[in-house]
Amino acid sequence: MNKYRRRTALVGVGALTAGLLLTAPQPASAANLIRNPGFETAGTGDMPYCWEKSGWGDNDFTFTTTNDARTGGKAMKVELTRRADGDRKALITESAECAPVVTPGKQYDLGLWYKTTTPDASITLFRHDATAGWQYWTDLKTLDLAGGWTEATVRTPEVPAGTDRISWGVSVYGTGSATTDDYWMDQVPDPVLPPKCTGTAEQCANGKWDVLPTQNPVRSMHSVVLHNGKVLLIAGSGNDESMFKAGTFTSAVYDPANGSYKVVPTPKDMFCAGHVQLQDGRVLVMSGNKGYPSADGRVGYQGYKDSYVFDPETETYTKTNDMNDGHWYPSATILGNGDVISFGGLKEDSTGSVAAELFSEAEQRWQPLWKVNQTWSYWGLYPSMILMQDGRLFYSGSHVFGNNIPGTGSAIYDYGANTTTQVPGLRKKDERDQSASVLLPPAQDQKVLTLGGGNIDSNPEANRLTDIIDLKQPNPSYVAGPPIPQGTVDLGNGPVPQTGNQGKMYVSAVLLPDGKVLETGGALHNRANPVYETSIFDPESETFDPVAVDPEARGYHSSAFLLPDGRVMTTGDNPGNGSWNHDVSVYSPPYLFKGPRPAITSVIDTEWNYGDTQRITVDRPIAKAELIRPAAVTHSSDPNQRFVDLPLSVDGDNVDLNVTSNPNLAPPGWYMLFAVDANGVPSVAKWVHLKGPQALKATDASAHVHDFADSLEGKAAGPGKKRTSQKVSPTISGCDRHYGSINVCVPTDFPAEAGKSTAARCEWLKANDYGRLKVNGKDDPLRLDRNGDGIACAEGDTRKG
C-alpha cells in the first residue's frame with residue numbers, strides 16, 4: 001500500500017512505528033482526541049511529535065514548523081512551489097501512540113484553523129483496519145482561500161466496522177501553501193431519542209408494499225427517473241410484434257405526485273434500447289429494435305443506428321445523429337466529463353457489434369468511429385460497465401442472455417490506454433445472465449456487489465450467489481458474499497418454498513438513502529417460475545435482512561427504482577407466454593415507519609460545482625447526507641446508479657455539505673439530495689445539479705484520483721484485430737421461434753423438471769399458460785408436433801409421448 005501513491009514517495013514516521021499497531025489501543029486524551037494539536041511538542045526528527053510527512057507525485061515541496069501560529073508558538077506550513085501531479089500533506093502519525101482511537105458506527109467532528117494561498121487544499125482522512133492495516137478513507141472538505149486564520153470543521157461518515165483508529169490532515173495539491181494550527185476532534189454524541197414505530201410491528205420491521213390502483217398503460221421495460229420527479233417509462237413496441245408491424249410505439253410519463261400517466265409520442269421502436277441521463281437532465285436513448293426475428297428463427301433481432309434525446313421539460317423526443325452501428329441491448333455509461341460510452345448489442349444484421357461508441361457532451365453528437373478507441377471486442381448484451389474513481393470502467397460480469405464473455409467473466413477496461421485486464425473471482429461466470437450489479441454506498445468506497453443470475457440458453461435453476469469486489473485493492477478479486485435469502489417460487493401450481501440452491505435471475509437492486517440496497521423480484525428459469533423474495537443488503541455488515549415481499553411477479557422486463565420520496569417503485573413482468581403485468585407496486589421501506597422524517601427546509605443553491613461547500617438547513621439533527629443519481633434501468637441493469645457521500649459541517653440547523661472534487665465519483669448531472677437522521681430515516685429528496693464539464697476547469701481533480709487497482713495481475717489484452725462484428729446465434733434470446741407468435745418464448749432448453757418427452761414438455765407449456773402454438777415452417781426441433789398437423793402440443797402429439 002502506498003497511501004495510494006504516497007508511500008512510494010515518502011517513508012514517514014508511520015513506517016518506523018508500524019509494529020506498534022499490533023498493540024492494544026491506548027485510551028485517547030480527554031476532550032480533544034488529538035495529541036499535540038498545535039505542534040508545540042517537538043518530535044525526534046524534523047516533524048513535531050505525533051505528526052508525519054506524507055504525499056506522492058512529481059512536485060517540489062517544503063514542510064516547515066513555522067512561528068506564524070494562531071495560538072502558542074508553532075504552526076505547520078506545507079508548500080508546493082512546482083507541481084506536475086500529486087500532493088503533500090502533514091498527517092497525524094499512523095501509530096498506536098498518536099492516531100486517535102475511534103469506535104465503529106460512531107461519527108466524529110474534526111476541526112482546525114488554517115491560512116491558504118492556494119484553492120487546492122483539502123482535509124483528507126485515513127483509517128486503520130484491524131485486519132488490512134492503514135488505508136485511505138476519503139477526502140472530506142475542500143478549503144477555501146483564506147488570508148487570515150479561518151476555522152474549518154467537518155463531520156466524518158460513520159466509522160466502518162473493523163476500524164480502530166483514524167489519521168487525518170490537510171493535503172495541498174496545487175502550487176501555494178496551507179498553514180494549519182489548533183487541530184481538534186470530538187465524538188458526535190449519540191442521538192437522544194430512539195426510533196419510534198409509527199406503523200404496525202410488521203411494517204416497522206419489514207416495510208410495506210402497495211399495489212397502485214392505476215395500471216401502467218404501456219408495456220414499459222425501461223424506467224428513467226427524471227429530475228422533475230416524474231418517471232419516463234419506455235415501451236416502444238413492448239415486445240409485441242403486432243405493435244411493431246402497426247408502427248405503434250409508446251412511452252408514458254408517470255407523475256408520483258398525483259398517480260397519473262401521460263402517454264407521449266414515441267418516434268421509433270425503443271424496445272430494448274440503452275439510456276442514460278445527460279448532464280443537463282435530458283435522457284439519451286440509443287438504438288432499439290429494427291426488426292424482430294423471422295418466423296422460422298433463421299434471422300434474429302436487429303438493432304438500428306438511430307438515437308434520440310428525451311427532454312423532460314417538453315416531454316418530447318428529438319433525433320441525434322446516428323451511431324456507427326446498430327446496438328440492440330447496448331450498455332450506456334456516463335463518464336466524468338459528461339461524455340457517454342456504449343458497448344455491445346446486436347447490429348442491423350443481427351450480428352454482435354464490436355464497436356465502442358462515444359457521445360460527446362461538448363458536441364452533442366455521436367463521434368465517428370475513427371475518433372473512438374476500439375478494442376474490437378464483443379462485450380455481449382447490456383454489459384454492466386461501471387465507472388471507477390480513476391475513469392476506468394469495471395465490467396462486473398452482469399449481462400443479458402446466455403454465457404458471459406471469454407476469460408474470467410469480469411474485467412477492467414482502461415479507455416485511455418485501450419487495454420482490458422481480466423479480474424478473477426466471479427463464481428459461475430456463465431450463470432450471471434440477468435444478475436444485478438451495483439456500486440455499493442458510498443461510491444467513495446469503490447465496492448461492487450453482484451447478485452444472482454442464470455443462463456437463458458442452458459436454462460439451469462437460477463443461483464443465489466452474491467460476489468463482492470473491493471476496487472480499492474491493488475489487485476482486486478471478487479470474494480463470495482452471503483447468499484440471497486430464499487423466498488417462494490411458483491412452479492406452475494402456486495408458490496412453494498425454495499429449496500436447495502434455488503435463487504433467481506431478473507434481479508432488481510436499488511440503492512436506498514439509508515445506505516443499504518434493496519433487492520427484489522426475479523424468476524427461477526427463462527421467463528418462467530417467478531420468485532417472490534425481497535431483502536435489504538447492509539454493505540457495512542455484508543448481511544441480508546428479508547423484508548416484505550412484492551405481491552406481484554417481477555421477472556423478465558421488470559424494473560425497480562428509487563423515487564424522490566424514498567419509496568421504491570416496481571413495474572412489469574413478461575413471461576414466456578407473451579402476457580404482460582401492468583400492475584405497479586410501491587414499497588415503503590422500514591425507515592418510513594421509524595418516526596418523523598427530517599426535512600431539508602432550504603437549499604441555498606441548487607447549482608453545484610465540484611469541490612463546493614454547499615449549505616442547507618434542516619429541521620432536526622441529521623447524521624449524513626448524500627447524492628443519489630436517479631435511475632435509468634432496464635433488464636436488471638443500471639451501471640450509473642450511485643450513492644455519493646457528502647461529509648458534513650454542522651452548526652445547529654445549518655449544515656454545510658462538502659462536494660467531491662472527483663467527477664468520476666459523481667459524473668455531472670442532476671441528483672437527488674437526501675438528508676438522513678441517526679436512525680436512518682431520510683428526508684424527501686431535493687434536486688440539485690452537479691455541473692460539468694465546465695465546472696471541472698476550476699479545480700484539478702487528478703489529486704483526488706487514487707491508485708486503486710493499480711497492480712492488476714490478471715491477463716491483459718490490447719486492441720484485437722479490426723473486424724466488422726461477432727457472429728451471434730439467432731436463438732440468443734433463449735426462445736425457439738419455430739413455435740407460436742414472436743412475443744411468445746418457447747424455451748430452446750426446457751427446465752430440468754419439464755422432462756424431455758413431448759408429453760412432459762407440453763404439460764409444462766400448459767402449466768405456464770401457453771396457448772395454441774402454431775408451428776412456423778416445416779422444422780420441429782423440440783418434437784412438439786409429432787403428428788405433423790402444424791399445431792404444437794395438440795392432442796395427437798402428446799399421445800405419441
Side-chain angles (χ1 to χ4, degrees), residues 205-207 209 384 396-400 404 409-410 425-441 447-456 459-469 478-491 495-512 516-526 528-556 558-560 568 570 573 585 587 589-590 633 635-638 641 751:
N206 297 319
W209 286 93
S384 180
S396 71
S398 289
H399 64 286
V400 171
N404 208 330
S410 180
L426 183 67
R427 293 174 296 165
K428 289 193 175 182
K429 66 106 174 175
D430 286 332
E431 294 183 22
R432 307 318 284 261
D433 177 351
Q434 285 172 109
S435 59
S437 292
V438 290
L439 182 63
L440 289 171
K447 289 185 176 181
V448 174
L449 170 71
T450 297
L451 308 101
N455 188 312
I456 276 178
N459 214 4
E461 290 186 338
N463 64 70
R464 302 175 62 195
L465 300 178
T466 73
D467 294 294
I468 301 171
I469 190 167
Y478 269 115
V479 296
I484 298 172
Q486 290 179 305
T488 60
V489 57
D490 190 342
L491 299 174
V496 295
Q498 288 188 288
T499 60
N501 291 318
Q502 290 179 335
K504 58 186 183 178
M505 57 196 302
Y506 311 118
V507 186
S508 288
V510 181
L511 301 181
L512 300 176
K516 298 178 182 179
V517 182
L518 180 80
E519 64 81 15
T520 189
L524 189 63
H525 289 111
N526 173 14
N529 309 132
V531 172
Y532 299 88
E533 185 276 333
T534 303
S535 296
I536 292 178
F537 178 78
D538 185 347
E540 183 71 20
S541 62
E542 294 187 354
T543 57
F544 283 101
D545 177 20
V547 293
V549 176
D550 188 347
E552 298 289 330
R554 301 292 179 202
Y556 188 54
S558 66
S559 59
V568 174
T570 62
D573 180 52
S585 304
Y587 178 61
V633 61
H635 292 77
S636 303
S637 180
D638 184 1
Q641 189 178 191

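Because only heavy atoms are used, hydrogens play no part in the values below, and waters and symmetry mates are left out as well, while side chains stay in.
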With E461 via side chain to side chain donor-acceptor pair (under 3.5 Å) - residues at least two apart: Q502
Test side chain to side chain donor-acceptor pair (under 3.5 Å) applied to Y587 - qualifying residues, sequence neighbours left out: none
D550/S585 under side chain to side chain donor-acceptor pair (under 3.5 Å): CA gap, chis, key distance, verdict: CA-CA 7 Å; D550 188 347; S585 304; 2.9 Å; yes
Side-chain heavy-atom pair Q498, L524 within 4.5 angstrom cut-off: yes
By side-chain contact (heavy atoms from CB on, under 4.5 Å) - contacts of N459 (at least two apart): H525, N526, P747, D749, P751
Selection residues 536-547 - residue pairs positive for salt bridge (Lys or Arg N to Asp or Glu O under 4.0 Å), sequence neighbours left out: none
pair T534-E519: side-chain heavy atoms closer than 4.5 Å: no
Residues in side-chain contact (heavy atoms from CB on, under 4.5 Å) contact with N404, at least two apart in sequence or another chain: Y395, H399, L426, K429, D430
H635 ring center near Y556 ring center (under 6.0 Å): yes
Flag side-chain contact, heavy atom, 4.5 Å: S435 against L451: no
Side chains of D490 and N529 in contact at under 4.5 Å (non-hydrogen atoms): no
Side-chain touch Y506/V531, heavy atoms, less than 4.5 angstrom: no
Residues in salt bridge (charged side-chain N to carboxylate O under 4.0 Å, His left out) contact with D467, at least two apart in sequence or another chain: R427, R432
Contacts of Q641 that satisfy side chain to side chain donor-acceptor pair (under 3.5 Å) - sequence neighbours left out: none
Any residue meeting side-chain contact (heavy atoms from CB on, under 4.5 Å) with A560, in chain and number order, not counting sequence neighbours: S508, V510, T520, V568, T570
Set of residues satisfying ring pair (Phe, Tyr, Trp, His ring centres under 6.0 Å) with respect to F544, sequence neighbours excluded: F537
Partners meeting side chain to side chain donor-acceptor pair (under 3.5 Å) with T488 (sequence neighbours left out): none
All side-chain contact (heavy atoms from CB on, under 4.5 Å) counterparts of S637, not counting sequence neighbours: P639
Partner set under salt bridge (charged side-chain N to carboxylate O under 4.0 Å, His left out) for R464, not counting sequence neighbours: none
